[in-house]
Colleague: 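Here you go, one structure.
Computed from a predicted model, the values in this text were never measured in an experiment.
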Amino acid sequence: MADFSKYGIFPEKGRNYENIAYVLALIYNICEKRVDKLLSSYNLTLAKYNLLLVVRFQAKEEGITQVEIGRRLIVTAGNITKLITALAKENLIEAKQNKNNRRENLVKITKKGFDLIEEVWPVYNSLIKEITDLIPEKDQNKLANILADWFLKLQEVGK
């Protein structure tokens, strides 16, 4: 394994759990910075873009509730409200009270939001591909399966 001591990672200690967690965090930070840089040229943050994607691709015709959005994103309820307010001000989404449940807001993508996703997606997708193409092709499927299985196990343990 490469020398990661400058990052506080010491594989020779035999604590693979630390190595996995730290390297994963370092990788996430690098990826997040690159994605943030790309999205900032569209006046978007990663959180705003992810919310737009959820609303665009997972909402039904009538929309998607803020609670459902929260289940799909890694943000607090307060942050979701702030994101929704900001995106609504930019006319990228619209939020309206649910006629069947007045305690819920239904969120829908607007034409402007749809068009922005269509513009950003190819560039975003290309960046993600460029980043993951640094993993040898022969290992990509195996790594994708390991991470997916780990995610599902973490979901079950957290219940």
Side-chain angles (χ1 to χ4, degrees), residues 16-135 140-159:
N16 283 333
Y17 62 94
E18 285 182 356
N19 300 340
I20 291 167
Y22 294 156
V23 171
L24 202 56
L26 291 169
I27 290 169
Y28 177 81
N29 284 335
I30 290 169
C31 294
E32 182 182 39
K33 285 177 186 172
R34 291 183 185 175
V35 170
D36 277 342
K37 183 178 177 184
L38 174 119
L39 293 175
S40 69
S41 65
Y42 295 93
N43 197 30
L44 288 169
T45 62
L46 185 55
K48 284 182 175 181
Y49 188 61
N50 283 335
L51 193 143
L52 283 173
L53 290 174
V54 167
V55 173
R56 162 67 176 93
F57 292 107
Q58 297 185 10
K60 297 179 174 82
E61 190 173 318
E62 66 276 2
I64 185 171
T65 67
Q66 287 183 225
V67 171
E68 284 299 315
I69 293 169
R71 287 187 184 126
R72 292 165 171 82
L73 298 179
I74 308 169
V75 293
T76 64
N79 286 344
I80 288 175
T81 300
K82 288 176 189 174
L83 286 171
I84 287 173
T85 300
L87 291 169
K89 279 184 182 177
E90 296 174 44
N91 196 30
L92 297 172
I93 61 168
E94 59 182 26
K96 294 187 178 177
Q97 191 176 55
N98 185 345
K99 293 174 186 172
N100 299 322
N101 183 346
R102 294 173 43 196
R103 294 182 302 160
E104 286 183 338
N105 284 327
L106 291 173
V107 181
K108 292 172 69 168
I109 194 96
T110 63
K111 169 93 168 87
K112 183 178 176 183
F114 179 89
D115 291 345
L116 182 59
I117 288 173
E118 293 297 304
E119 180 183 351
V120 174
W121 179 256
V123 184
Y124 171 83
N125 192 53
S126 179
L127 175 61
I128 298 302
K129 184 167 178 3
E130 178 184 312
I131 289 169
T132 57
D133 277 350
L134 295 172
I135 302 165
Q140 288 182 13
N141 193 47
K142 182 177 180 181
L143 180 59
N145 287 330
I146 289 169
L147 292 174
D149 288 346
W150 185 25
F151 169 77
L152 292 174
K153 287 176 184 172
L154 285 170
Q155 289 289 92
E156 285 301 312
V157 170
K159 289 184 177 177

Colleague: Could you tell me whether Glu90 and Lys48 make a salt bridge, using a distance below 4.0 angstrom between a side-chain N and a carboxylate O?
Modeller: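 Yes.
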
Colleague: How long is the span from the CD1 atom in Ile146 to the CG atom in Asn141, to the nearest 0.5 Å?
Modeller: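 Interatomic distance, Ile146 CD1 to Asn141 CG, rounded to 0.5 Å: 10.0 Å.
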
Colleague: To the nearest 0.5 Å, how far apart are CG in Leu147 and CG in Leu152?
Modeller: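 Going from CG on Leu147 over to CG on Leu152, the span is 11.0 Å.
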
Colleague: Taking the side chain as C-beta and beyond, is there a heavy-atom pair between Leu73 and Asn79 under 4.5 Å?
Modeller: no

Colleague: For Arg56 versus Ile117, what's the shortest heavy-atom pair and its separation?
Modeller: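 That would be CB-CD1, 3.4 Å.
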
Colleague: Are Asp115 and Lys111 ion-paired here, with the side-chain N under 4.0 Å from a carboxylate O?
Modeller: yes

Colleague: May I ask you to decide if Pro122's main-chain N or O and Ser126's side chain share a donor-acceptor pair within less than 3.5 Å?
Modeller: no

Colleague: Got a second to check how far Lys33's NZ is from Leu46's CG, nearest 0.5 Å?
Modeller: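 Separation between the atoms: 14.0 Å.
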
Colleague: Heavy atoms, side chains only, cut-off 4.5 Å: are Tyr49 and Val35 in contact?
Modeller: no

Colleague: Taking all non-hydrogen atoms of both residues, which atom of Asn105 and which atom of Gln66 are closest, and how far apart?
Modeller: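 Here Asn105 and Gln66 meet closest at ND2-OE1, 3.1 Å.
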
Colleague: Could you point out which residue of Leu87, Asn43, Leu92 forms a side-chain contact (heavy atoms from CB on, under 4.5 Å) with Leu116?
Modeller: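 Exactly one pass, corresponding to Leu92.
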
Colleague: Could you pull out the closest heavy-atom pair between Leu38 and Tyr124, with the gap in Å?
Modeller: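 Heavy-atom minimum between the residues: CD2-CA, 3.9 Å.
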
Colleague: Is a donor on one side and an acceptor on the other found under 3.5 Å between the side chain of Arg71 and the backbone of Val67?
Modeller: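 The answer is no, because no donor-acceptor pair under 3.5 Å joins these two groups.
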
Colleague: Write down the atom of Ile109, the atom of Phe114, and the distance for their closest heavy-atom approach.
Modeller: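 Closest approach of Ile109 to Phe114, heavy atoms only: CG1-N, 3.5 Å.
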
Colleague: Indicate the atoms forming the closest heavy-atom contact of Val107 with Ala59, along with that distance.
Modeller: O-CB, 4.3 Å

Colleague: Should Thr65 and Asn101 count as side-chain neighbours, where that means a heavy-atom distance under 4.5 Å?
Modeller: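 Thr65 does not reach Asn101 side chain to side chain.
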
Colleague: How many angstroms lie between CH2 in Trp121 and CZ in Phe57, if you round to the nearest 0.5 Å?
Modeller: 7.0 Å

Colleague: Supply the atom-to-atom distance Ile69 CD1 to Ile93 CD1, rounded to the nearest 0.5 angstrom.
Modeller: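 The CD1 atom of Ile69 sits 6.5 Å away from the CD1 atom of Ile93.
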
Colleague: Drop me the distance from Ile84's CD1 to Ile80's CD1, to the nearest 0.5 angstrom.
Modeller: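 Answer for the CD1-CD1 pair, Ile84 versus Ile80, is 6.5 Å.
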
Colleague: Please check this pair: side chain of Glu94 against backbone of Lys108, looking for a donor-acceptor N/O pair closer than 3.5 Å.
Modeller: no

Colleague: One pair to check against side-chain contact (heavy atoms from CB on, under 4.5 Å): Tyr28 and Leu24. What are the steps and the verdict?
Modeller: CA-CA 6 Å; Tyr28 177 81; Leu24 202 56; over 6 Å; no

Colleague: For Thr132, is there any backbone N or O sitting under 3.5 Å from a side-chain donor or acceptor partner on Gln140?
Modeller: yes

Colleague: Would you find more than 12 non-hydrogen atoms of other residues, nucleotides or ligands less than 6.0 Å from Phe151 atom CZ?
Modeller: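 No, CZ of Phe151 has 12 or fewer neighbouring heavy atoms, counting only those of other groups under 6.0 Å.
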
